[in-house]
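By convention in this document, chain letters (A, B, ...) are assigned in the order of the sequence lines, proteins followed by strands, and residues within each chain are numbered from 1. Not measured: the values here are computed from a predicted model.
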Amino acid sequence: MNTIPSRYNPKDTEDKWYALWQGRGLFRACPDKSKKPFSIVIPPPNVTGILHMGHALNNAIQDILIRYHRMKGHESLWMPGTDHAGIATQNVVEKAMAKEGLRRNDLGREKFIERVWQWKEQYGSAIIKQLKKLGASCDWQRVRFTMDAEYSKAVVEVFVRLFEKGLIYQGSYIINWCPRCQTALSDEEAPHHELQGNLYYLKYPYKSDPSKFVVVATTRPETMLGDTAVAVNPKDKRYKKAIGETLVLPLVNREIPIIADEMIDMKFGTGAVKVTPAHDPNDYLMGKKHRLEFVNVMSPNGKMNEQAGDYNGMDRFEARQVILEDLKEQGLLEKTEPHPLSAGHCYRCHTIIEPYLSKQWFVKMKPLAKPAIEAVKKGKIKFYPKRWTKVYLGWMENIQDWCISRQIWWGHRIPVYYCRKCLDSGNSQISNAKSQINSKLQNTKQAQGVIVSRAKPDKCPKCGSADIYQDEDVLDTWFSSWLWPFATFYWPPEAQSPELRARTEADLKYFYPTSTLVTAPEIIFFWVARMIMAGLEFMQEVPFKDVYIHGTVRDVEGKKMSKSLGNIIDPLEIIDEYGADALRFSLISITSQGQDVYLSKERFEQGRNFANKIWNASRLILMNLDPGQARADLCVFFKKEPLGVVNRWILSRFYSTLKEVQRGFSEYRFNEAANLLYSFFWHEFCDWYLEVIKADIRNTHNQVVMYKVLEKFLRALHPFMPFITEEIWHLLPGATDSIMCQSWPHIQEQVIDKKLEKEAESLFSVVTQIRNLRAQIGIALDKKVVVSVYPHTASKKKLVEEYASLVVNMAKLEALHSLSRNKRPARAISSVAEDVDIYLHSEGIVDADQEKEKLTLKIQELHKLKQAKEARLKNHDFMERAPAGVVEKEKAGLDELSGTLTRLEKMSKELT
RNA sequence: GGGCAUUUAGCUCAGUUGGUUAGAGCGCUACACUCACAUUGUAGAGGCCAGAGGUUCAAGUCCUCUAAUGCCCACCA
């Protein structure tokens with residue numbers, strides 16, 4: 001077996017095994033009534049995406065869960081796929097086209113979409129290849145895309161159903177408008193960020209006396225062109241007389257009234273507010289309430305429009321400056337104060353959002369939210385960590401209607417059709433802003449000429465005209481991804497071809513609801529909450545039972561990793577340098593439940609080193625393994641053979657560890673599970689077990705135990721480090737099949753023996769103490785020394801004598817004597833282990849003072865502890881109120897401490 | 001303005017229902033490469049658990065307040 005290299009090289013193994021797994025269909029999952037299902041749907045990455053550390057963490061966790069449950073005997077499905085990511089993808093393709101000097105309008109809608117599809121075919125699978133590098137065991141035959149024809153049927157179905165239920169409506173409101181992407185956005189897509197802006201105080205002259213003014217404060221002076229009133233609080237004494245007066249809007253010369261509204265905060269600014277109903281959500285409400293005029297002064301591209309008079313064509317921020325200058329010139333800019341404000345930003349291009357009046361489609365959310373709130377409150381869905389429940393509920397309980405129409409081309413076209421004839425003849429076509437606002441939204445449903453349909457109608461059902469055209473807008477990307485947990489299973493079955501339906505309907509029944517959703521906190525509102533609503537609305541069942549929210553991956557300074565900051569650690573680079581196993585293990589071992597991860601490249605050394613350690617321990621075992629001996633049945637063997645303390649110890653430790661690992665899994669404490677396996681293997685199996693048995697490695701007991709522990713350990717570790725465990729699995733004698741097909745080791749309770757564990761560890765501590773003594777006087781390891789011990793109990797004496805050779809080997813001794821009299825030998829340095837006094841015979845001169853000082857320090861330290869324990873045991877309240885077990889423990893601790901102290905004191909006294 | 005999280009060794013972090021002398025990885029110090037592994041081994045140093053109160057027989061852990069940092073939410077013109 002010396003053909004095994006001494007360093008593990010992931011490059012030799014990872015791609016090889018992945019190809020084999022996939023080739024053999026080991027990731028496939030099919031309904032199997034004899035098994036319990038376990039299913040996860042992947043949070044579909046954007047087709048534009050490339051794998052970053054966040055994905056690596058997210059998918060490593062999912063793969064660990066899937067592999068674990070697969071080995072636990074569940075029919076485990078990991079559903080993969082990608083998201084068409086409307087705005088993001090359109091932006092990317094437009095950017096690529098810009099290099100050729102092309103704009104989307106040059107191509108036209110159809111050609112442009114064709115081009116996006118081409119782009120998707122060419123680059124869209126990049127992230128899937130990268131997931132495979134990571135080891136992701138998705139059922140790739142099922143890979144879905146939110147724009148797939150079958151998936152689109154679900155989107156249309158849902159739109160139509162919600163519309164028919166009256167939960168979708170069209171209307172004109174102030175929405176978040178991105179002037180760069182030129183589309184509406186939902187509130188979630190326009191996160192607020194702090195900006196350092198100014199508060200400008202503008203003077204609006206009275207019509208009756210232009211030398212007098214009302215001063216208003218604003219952060220967006222360019223919107224003043226659209227002002228149609230000034231509002232004050234009716235309780236505000238300063239303006240009591242002014243209410244009802246008329247002002248002349250500067251630069252525009254529009255006459256605007258001073259109105260009274262309770263909404264106005266008297267303490268802010270001057271207490272007088274300019275009202276721009278077409279450009280601010282609050283002003284919009286006031287506009288409606290006071291029947292003001294809605295003047296839209298901006299074009300969709302963020303430039304001022306013809307309503308802006310002289311400022312027509314200027315960019316909104318340019319106009320701001322020019323308007324301020326003009327006002328200043330006229331003496332109408334009273335002052336400018338720095339003022340921090342927060343403004344919405346486009347989550348795709350980070351452009352500052354313009355609150356903008358426009359006609360959009362909305363989903364009424366309150367009725368959908370109600371059951372979704374219930375489901376979580378009743379515990380049908382559980383969040384891990386728990387605190388996200390509150391975040392979820394908080395949002396759900398204050399949910400706003402969802403703007404779902406987008407003015408882009410890449411996406412699901414809204415299934416609404418218009419009959420030109422009906423629209424022309426009727427008055428349902430909404431032409432000006434004012435009537436838009438007043439039009440009752442529910443009317444959309446009955447509106448003449450508006451047809452909502454699963455397929456494009458040939459002719460108008462009302463008038464029979466064939467002059468029908470579809471709504472230009474597409475749906476929000478999230479309007480398709482919220483269906484992911486069931487639409488990926490070809491929901492609705494009735495809408496699919498009979499053949500497809502026959503093939504897939506059982507899958508939906510078997511795998512839905514899914515088991516666990518693994519995701520990041522950023523998309524709780526975007527996605528998680530909406531999936532819960534969709535699942536309950538369309539499947540009458542929650543989409544998943546557990547939601548595990550992991551942390552955000554950050555750099556060492558706590559900054560989010562982003563391309564623009566240049567602080568990215570590329571997972572593929574790490575895989576290339578350290579291996580996918582190392583990447584996975586390192587990430588998991590530092591990710592405690594839901595905490596953010598601060599990452600530097602060096603962290604991955606831990607995983608790499610661990611892989612190498614496993615590799616070399618396996619190498620030792622394989623080089624010394626007699627396959628004939630080793631493969632005995634452990635259970636039978638264990639019962640029959642007197643295995644000895646060390647073998648029994650490692651078996652007990654293994655199963656103790658396994659038990660805790662399993663608990664880690666069930667509580668979503670992956671770091672704990674990973675670290676338990678790590679420290680068991682390294683610090684118990686390698687540092688002690690293998691070192692101890694090395695001397696007698698051909699012994700049958702040792703053969704069986706080392707082989708079994710290795711073999712079972714590999715299976716337990718496989719979910720975390722799939723590649724190296726598979727590689728070594730195949731080096732084991734008689735290994736058939738893939739490790740993926742093995743079961744996760746069953747916990748053998750009868751092997752766990754805590755008392756025995758303690759006994760063995762007390763033996764090891766004798767070794768440690770001797771090593772310690774050697775180090776104290778600097779005796780090199782190759783120099784053999786003689787040690788005498790005096791065990792204070794008969795059982796310890798028996799143990800030490802029986803395992804004398806273990807101590808001799810591990811502490812590199814010439815000889816170990818067991819003293820028959822409790823008397824300090826001459827010329828020795830001393831130490832104590834549990835119930836054992838230890839004397840290392842020194843050939844040189846023992847510095848008695850130094851030795852005495854060392855012992856004295858130790859005595860003082862233990863004395864303090866002893867006092868603390870005595871005090872506790874003397875405490876009446878403690879004795880009365882502490883549980884018996886704790887008191888017992890304290891007593892035992894005190895006894896031991898007293899014993900040790902007496903022994904140390906004797907040692908010290910005998911020193912002359 | 002509201003909420004959440006974090007604060008434990010030089011660094012990055014574990015520490016579950018309160019219960020012996022608070023742990024890990026990295027880094028550091030000393031020693032050790034013919035030995036499965038120097039991506040290693042052995043031994044060691046290093047902690048008023050952010051601060052102040054409180055509850056309790058017992059607090060890193062529970063409660064209150066304070067401070068710093070980060071994140072999320074909110075119609076702060």
[X] side-chain proximity, nearest of [options]:
{"X": "A:Arg669", "options": "B:U16, B:A36, B:A77", "result": "B:U16"}
{"X": "A:Lys869", "options": "B:C75, B:A36, B:U20", "result": "B:U20"}
{"X": "A:Arg387", "options": "B:G25, B:A36, B:C4", "result": "B:C4"}
{"X": "A:Cys686", "options": "B:G19, B:U21, B:A36", "result": "B:A36"}
{"X": "A:Leu620", "options": "B:U16, B:C76, B:A36", "result": "B:A36"}
{"X": "A:Ser342", "options": "B:C37, B:A74, B:U20", "result": "B:A74"}
{"X": "A:Arg603", "options": "B:G25, B:C35, B:U20", "result": "B:G25"}
{"X": "A:Glu672", "options": "B:U16, B:A43, B:A36", "result": "B:U16"}
{"X": "A:Tyr678", "options": "B:G25, B:C76, B:G19", "result": "B:G25"}
{"X": "A:Met263", "options": "B:U42, B:U39, B:C75", "result": "B:C75"}

When you check the phosphate oxygens OP1 and OP2 of [N], does a side-chain N or O of [X] lie under 4.0 Å from one of them?
{"X": "A:Asn772", "N": "B:G44", "answer": "yes"}
{"X": "A:Lys613", "N": "B:G41", "answer": "yes"}
{"X": "A:Lys390", "N": "B:C4", "answer": "yes"}
{"X": "A:Trp682", "N": "B:G41", "answer": "yes"}
{"X": "A:Arg872", "N": "B:U56", "answer": "no"}
{"X": "A:Arg608", "N": "B:U39", "answer": "no"}
{"X": "A:Asn671", "N": "B:C13", "answer": "no"}

Parallel, tilted or perpendicular for [X] and [Y], by the 30°/60° rule?
{"X": "A:His339", "Y": "A:Phe268", "answer": "perpendicular"}
{"X": "A:Phe720", "Y": "A:Phe585", "answer": "perpendicular"}
{"X": "A:Phe665", "Y": "A:Phe670", "answer": "perpendicular"}

Whole-Å gap separating [atom2] ([N]) and [atom1] ([X]):
{"X": "A:Arg698", "N": "B:A36", "atom1": "CZ", "atom2": "P", "answer": "12 Å"}
{"X": "A:Ile523", "N": "B:C73", "atom1": "CD1", "atom2": "C1'", "answer": "18 Å"}
{"X": "A:Asn675", "N": "B:C13", "atom1": "CG", "atom2": "C1'", "answer": "10 Å"}
{"X": "A:Asp596", "N": "B:A14", "atom1": "CG", "atom2": "P", "answer": "10 Å"}
{"X": "A:Arg663", "N": "B:A14", "atom1": "CZ", "atom2": "P", "answer": "17 Å"}

Between [M] and [N], how far apart are the [atom1] atoms? Round to whole Å, please.
{"N": "B:U12", "M": "B:G18", "atom1": "P", "answer": "29 Å"}
{"N": "B:U40", "M": "B:G27", "atom1": "P", "answer": "9 Å"}
{"N": "B:C26", "M": "B:A45", "atom1": "C1'", "answer": "16 Å"}
{"N": "B:G25", "M": "B:U8", "atom1": "C1'", "answer": "15 Å"}
{"N": "B:G53", "M": "B:A59", "atom1": "P", "answer": "14 Å"}
{"N": "B:A14", "M": "B:U6", "atom1": "P", "answer": "9 Å"}
{"N": "B:G46", "M": "B:G54", "atom1": "C1'", "answer": "32 Å"}
{"N": "B:U61", "M": "B:A9", "atom1": "P", "answer": "15 Å"}

Inset, instruction - Could you point out which residue of A:Lys601, A:Lys11, A:Arg608 forms a side chain to side chain donor-acceptor pair (under 3.5 Å) with A:Glu577? - result: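 Answer after filtering A:Lys601, A:Lys11, A:Arg608: A:Lys601.
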
Inset, instruction - Could you identify which residues of residues 271-280 of chain A place a heavy atom less than 4.0 Å from some atom of RNA chain B, listed by residue number, or say none? - result: A:Ala272, A:Val273

Considering every strand and a 4.0 Å limit on heavy-atom distances, what is the contact class for [X]: base, sugar-phosphate, or nothing?
{"X": "A:Phe525", "value": "sugar-phosphate"}
{"X": "A:Gln776", "value": "nothing"}
{"X": "A:Leu341", "value": "nothing"}
{"X": "A:Ile264", "value": "base"}
{"X": "A:Gln595", "value": "sugar-phosphate"}
{"X": "A:Asn624", "value": "nothing"}
{"X": "A:Pro191", "value": "nothing"}

Please confirm whether any donor atom in the side chain of [X] sits under 3.5 Å from an acceptor in the base of [N], or the reverse.
{"X": "A:Gln400", "N": "B:A74", "result": "no"}
{"X": "A:Arg7", "N": "B:U39", "result": "yes"}
{"X": "A:Thr219", "N": "B:C76", "result": "no"}

Just the atom pairs and distances: protein N or O near nucleotides 29-31 of chain B's N or O, under 3.5 Å.
none

I need the [X] [atom1] to [Y] [atom2] distance, nearest 0.5 Å.
{"X": "A:Tyr8", "Y": "A:Ile728", "atom1": "OH", "atom2": "CD1", "result": "7.5 Å"}
{"X": "A:Asp283", "Y": "A:Met286", "atom1": "CG", "atom2": "CE", "result": "4.5 Å"}
{"X": "A:Leu249", "Y": "A:Ile256", "atom1": "CG", "atom2": "CD1", "result": "4.5 Å"}

Inset, instruction - Let me know, please, whether A:Ser6 or A:His193 comes out on the 5' side of the other along RNA chain B by nearest nucleotide. - result: A:Ser6

Inset, instruction - Please figure out whether A:Ala775 or A:Trp395 has its closest RNA chain B nucleotide nearer the 5' end. - result: A:Ala775

Legend entry - Contact check, side chains of A:Asn282 and A:Met263, non-hydrogen atoms, under 4.5 Å: yes

Inset, instruction - Would you tell me whether A:Asp265 and A:Asn233 have side-chain atoms, one donor and one acceptor, within less than 3.5 Å of each other? - result: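 No donor-acceptor contact under 3.5 Å links the two side chains.
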
Inset, instruction - Consider only side-chain N and O atoms of A:Thr389 and A:Lys382, and report whether a donor and an acceptor are under 3.5 Å apart. - result: no

Inset, instruction - Quick one: closest heavy-atom pair of A:Ala617 and A:Cys686, and the distance? - result: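 Looking at all heavy atoms of both residues, the shortest contact is CB-SG, 3.7 Å.
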
Inset, instruction - If B:C71 has a Watson-Crick or G-U wobble mate with both distances under 3.5 Å, name it; if not, just say none. - result: B:G3

Inset, instruction - Evaluate side chain to side chain contact (heavy atoms under 4.5 Å, CB included) for A:Lys754 paired with A:Ser656, printing each intermediate quantity in order. - result: CA-CA 9 Å; A:Lys754 288 286 164 195; A:Ser656 295; 3.2 Å; yes

Legend entry - Check: A:Phe213 ring centre within less than 6.0 Å of A:Tyr204 ring centre: no

Inset, instruction - Taking side chain to side chain donor-acceptor pair (under 3.5 Å) as the test, write out the residues that go with A:Arg774, two or more places apart. - result: none

